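Have a look at the structure below before the remarks.
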Amino acid sequence: MERHRFEMRLFCDYADENSIASLKVEHLDGNEWNSLDLDTQTAGFLIFTYAVFTCQHMFLRANANERNLQMASSTGSIMIDATADWKIEKLHVAFEATLKSGTPALDDIDYITARMQQCPVSKNLGEIPDTQTRLLFA
């Protein structure tokens, strides 16, 4: 039986208080990265993947701001792997952010990562055997 794998990546520039100045999201379609353009023809699971991704990105931005870490830009990726009957077995999310100001301590990174995993969409996913959330400040 065929598995279902969804991958996205984002490129974001920030304004004051980590608000979004520009955002580009792409999804992997076969071997090609295409711009994510949500419309009535977009596959439901692709929308679902974007919901998880954007929720974690929002919690990254808000909690970095709470910790006085002002971001200049970030890149991110998400990979969801599901069984043939759409049960999610893998969820990997990673962000790398370049800072305008602030110096993150390990405690800040742990706090922000934990908060990202508590975004309402992620919190309602249920138990996933292989979950990774990574955050790196450059």
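Computed from a predicted model, the values in this text were never measured in an experiment.
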Distance from [X] atom [atom1] to [Y] atom [atom2], nearest 0.5 Å?
X	Y	atom1	atom2	result
K100	D16	NZ	CG	5.5 Å
H4	E89	NE2	CD	11.0 Å
C55	K123	SG	NZ	11.5 Å
T49	I80	OG1	CD1	4.0 Å
E127	K87	CD	NZ	8.5 Å
L91	I78	CG	CD1	5.5 Å

Quick one, [X] and [Y] - any side-chain contact, counting heavy atoms below 4.5 Å?
X	Y	value
P104	L99	yes
N63	L69	no
C12	S73	no
F59	V121	no
T98	S74	no
Q70	N18	yes

Of all pairs that satisfy ring-ring contact (aromatic ring centres under 6.0 Å, His included), the ones with a partner from residues 94-127, not counting sequence neighbours:
F53-F95, H57-F95
Any salt bridge between E26 and K24, counting N to O under 4.0 Å?
yes
Salt bridge or not between R9 and E7? Use side-chain N to carboxylate O under 4.0 Å.
no
Treat each ILVMFWY residue as a node, draw an edge where side-chain heavy atoms are under 4.5 Å apart, and state whether [X] and [Y] are in one component.
X	Y	answer
M79	L60	no
F11	V25	no
L106	I112	no

Are there more than 12 heavy atoms of other residues, nucleotides or ligands under 6.0 Å from atom CG of N31?
no
Should we say atom CD of E17 is surrounded by more than 12 heavy atoms from elsewhere, each under 6.0 Å from it?
no
Within the distance-only criterion (no hydrogens, no angle test), does the side chain of [X] pair as donor or acceptor with the backbone N or O of [Y] below 3.5 angstrom?
X	Y	value
T113	D110	no
S122	C119	no
T54	Y50	no

N/O donor to acceptor pairs below 3.5 angstrom from side-chain atoms of residues 130-138, sequence neighbours left out:
{"residue": "D130", "atom": "OD1", "partner": "H92", "partner atom": "NE2", "Å": "3.0"}
{"residue": "D130", "atom": "OD2", "partner": "H92", "partner atom": "NE2", "Å": "3.3"}
{"residue": "T131", "atom": "OG1", "partner": "I128", "partner atom": "O", "Å": "3.4"}
{"residue": "T133", "atom": "OG1", "partner": "Q117", "partner atom": "NE2", "Å": "3.1"}

Where do L38 and I47 land on the side-chain contact (heavy atoms from CB on, under 4.5 Å) test, with the steps shown first?
CA-CA 7 Å; L38 299 176; I47 295 170; 4.0 Å; yes
Please identify each residue that fulfils salt bridge (Lys or Arg N to Asp or Glu O under 4.0 Å) with R67, with sequence neighbours left out.
D107, D108
Test side-chain contact (heavy atoms from CB on, under 4.5 Å) applied to I88 and T83, step by step
CA-CA 7 Å; I88 298 172; T83 63; over 6 Å; no
Listed by chain and number, what are the side chain to side chain contact (heavy atoms under 4.5 Å, CB included) partners of N34, not counting sequence neighbours?
H27, D29, E32
Given a cutoff of under 4.5 Å between side-chain heavy atoms of I, L, V, M, F, W and Y, with clusters grown through shared members, what are the other residues clustered with L28?
W33
What pairs with D81 under side-chain hydrogen bond (donor to acceptor under 3.5 Å, both in side chains), at least two apart in sequence or on another chain?
R3
With under 30° as parallel and over 60° as perpendicular, where do the rings of F6 and W86 fit, or are they tilted in between?
tilted
